[in-house]
Amino acid sequence: MAGMRPMSQADLPRAAALGAAIGWNQVAADWRVFLDLGAVQVVDDGGAALAATAAILPHGPDLAWISMVLVRPDQRRRGLATALLQWALAALAGRRSIALDATPAGRAVYARLGFRDAWGFTRMSLPPELPGGGASHPIADWPAALAQDARAFGAPREALLRGLAGRGGGRQAPGGFALARDGLRAAQIGPVIGQGACGLIADLRATLPGPAIIDVNDAATGVANWLVDAGARIERPFTRMVLGATLPGEARHIIAPAGPEFG
Ligand SMILES: CC(C)(COP(=O)(O)OP(=O)(O)OC[C@H]1O[C@@H](n2cnc3c(N)ncnc32)[C@H](O)[C@@H]1OP(=O)(O)O)[C@@H](O)C(=O)NCCC(=O)NCCS
């Protein structure tokens, strides 16, 4: 396909411009995660924003994520997303499971390529304050948090999690932890893993001055109801999809994913 090539550091501003133009939340630091730990392929037609992007992020030898599948509105329905996905699938050939978190628009593209629905989650924007909390502390025991995460997510992802915590901090309590990071429109809380999620989210929210969002596992109905009762607003649904073997891990311990771009 004309103009398709790997992304470089020099493309960061025009990749960020594409995301911002369609209302996504990622900042340059998010794109850098893929350049550092994965790869990004772009379609470049010389515009002020890139024409299209897709990223891959390996999570250990068996699992990988596909994300940042974005096509500039004037370039849609020409097969760009499909061509970028074919690049991603070729680059990830041999993994047991390839997963992604689809928007309703993306789900149509992925289903055609054989991706199956695994489970759903819902983006919520959080009120400035949440009730409760007070029992967590900043993350002190990283080995415990990383072990809880690897068990729930199904693969190790230390570099990713430490990088996110470096941007927005984290809270920990016995049996669970939560991280936050900055975003273009709102800070994002995630992942939230294990026990004590409501207190962790309340304490983390209190450290974030501006707007904040979280993606809540649809199976975590207690947490979701608590958030809605506290004034959280439901924004949009995502579907976690997988190609190949069933997703590893224990999804019931994922209260909130890291975010659709990271898994
Ligand atoms: C979703 C998106 C990436 C699709 O990009 P695209 O380049 O237009 O997709 P393709 O041209 O490869 O589409 C392939 C097929 O998917 C289906 N499809 C694509 N967009 C669709 C839509 N909005 N509604 C229904 N089906 C759709 C069609 O069957 C299409 O084939 P056709 O055009 O021959 O009918 C693009 O609309 C986009 O960037 N949306 C906003 C960001 C987003 O939601 N990204 C997905 C993240 S998971």
Side-chain angles (χ1 to χ4, degrees), residues 1-5 7 11 14-27 30-31 33-34 38-59 63-92 97-125 183-186 188 190-191 213-218 234-244 247 254 256-263:
M1 170 152 305
M4 196 190 287
R5 60 171 173 77
M7 180 175 163
D11 295 315
R14 290 196 305 139
L18 174 60
I22 67 159
W24 279 23
N25 196 42
Q26 288 82 9
V27 294
D30 293 300
W31 289 98
V33 170
F34 301 105
V40 187
Q41 190 81 344
V42 307
V43 178
D44 185 0
D45 65 352
L50 292 170
T53 59
I56 55 175
L57 184 63
H59 290 300
L63 176 65
W65 231 254
I66 296 178
S67 61
M68 306 308 287
V69 180
L70 296 179
V71 178
R72 219 172 54 213
D74 62 290
Q75 294 293 318
R76 289 185 187 167
R77 301 306 283 266
R78 299 179 185 188
L80 294 190
T82 302
L84 285 163
L85 278 159
Q86 276 155 358
W87 160 80
L89 293 176
L92 295 172
S97 306
I98 299 174
L100 52 80
D101 292 324
T103 59
R107 191 158 163 247
V109 183
Y110 307 131
R112 279 170 33 129
L113 293 166
F115 282 85
R116 315 181 300 278
D117 291 358
W119 49 276
F121 57 90
T122 300
R123 172 152 303 178
M124 296 186 189
S125 57
L184 188 60
R185 301 168 155 246
Q188 177 152 4
I213 56 170
I214 186 169
D215 295 329
V216 182
N217 186 338
D218 290 343
I234 291 176
E235 290 199 354
R236 57 193 166 108
F238 290 90
T239 306
R240 184 154 289 192
M241 303 178 83
V242 64
L243 186 69
L247 278 171
I254 303 176
E261 63 277 60
F262 300 129

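Quick note: numbers below take in every heavy atom, side chains included, and nothing from hydrogens, waters or symmetry partners. Model, not experiment: these values are computed from the prediction. In each ligand, atom 1 is the first atom listed, and ligand 1 is the first ligand listed.
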Within the distance-only criterion (no hydrogens, no angle test), does the side chain of [X] pair as donor or acceptor with the backbone N or O of [Y] below 3.5 angstrom?
| X | Y | result |
| --- | --- | --- |
| Asn25 | Leu184 | yes |
| Arg185 | Gln26 | no |
| Asp101 | Met241 | no |
| Arg107 | Thr239 | no |
| Thr53 | Met68 | yes |
| His59 | Gly263 | no |
| Arg76 | Val71 | yes |
| Asp215 | Gly259 | no |

When you measure from [atom] to each heavy atom in [options], which option holds the nearest one?
| atom | options | answer |
| --- | --- | --- |
| atom 40 (N) of ligand 1 | Arg72, Arg76, Arg236 | Arg76 |
| atom 11 (O) of ligand 1 | Ala108, Gly23, Gly79, Pro260 | Gly79 |
| atom 44 (O) of ligand 1 | Val69, Thr53, Thr103 | Thr103 |

*Would you name the heavy atoms of Ala49 and Arg72 that are closest together and state the gap between them?*
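Shortest heavy-atom separation between Ala49 and Arg72 comes out as O-NH1, 2.9 Å.
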
*asked:* I need the minimum non-hydrogen distance between Ala54 and Trp87, along with the two atoms involved.
replied: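 Residues Ala54 and Trp87, closest heavy atoms: O-CZ3, 3.6 Å.
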
*Answer yes or no: does an N/O atom from Ala102 fall short of 3.5 Å to an N/O atom of ligand 1?*
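For ligand 1, there is no N or O atom that lies under 3.5 Å from one belonging to Ala102.
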
Quick test: of every protein heavy atom, which one is nearest to [atom], and how far off is it to 0.1 Å?
| atom | result |
| --- | --- |
| atom 35 (O) of ligand 1 | Arg77 NH2, 3.0 Å |
| atom 12 (O) of ligand 1 | Thr82 OG1, 2.6 Å |
| atom 34 (O) of ligand 1 | Arg112 NH1, 4.3 Å |
| atom 39 (O) of ligand 1 | Val71 N, 2.8 Å |
| atom 48 (S) of ligand 1 | Tyr110 OH, 3.1 Å |
| atom 16 (O) of ligand 1 | Val109 CG2, 3.5 Å |
| atom 9 (O) of ligand 1 | Ala81 CB, 3.4 Å |
| atom 42 (C) of ligand 1 | Trp24 CZ2, 3.5 Å |

_Once you restrict to heavy atoms under 4.0 Å, what part of Arg78 touches ligand 1? Side chain, backbone, both or neither._
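Looking at Arg78 and ligand 1, just backbone atoms fall under 4.0 Å.
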
*Which is it for Ile22 and ligand 1 at heavy atoms under 4.0 Å: side chain, backbone, both or neither?*
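Side chain only.
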
*Apply the side-chain contact (heavy atoms from CB on, under 4.5 Å) test between Leu243 and each candidate in Leu85, Ile66, Leu89; give the one that qualifies.*
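Output: one option passes, namely Leu89.
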
_Where ligand 1 meets Asp101 - atom numbers and elements under 4.0 angstrom, heavy-atom basis_ =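 Those of ligand 1 that fall under 4.0 Å from Asp101 are 48 (S).
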
*Considering the heavy atoms of Leu70, write down every atom of ligand 1 situated less than 4.0 Å from one of them.*
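Ligand 1 atoms under the 4.0 Å threshold to Leu70: 39 (O), 42 (C).
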
*Could you tell me whether ligand 1 has any atom less than 4.0 Å away from a heavy atom of Phe238?*
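Distance cut 4.0 Å: Phe238 fails for ligand 1.
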
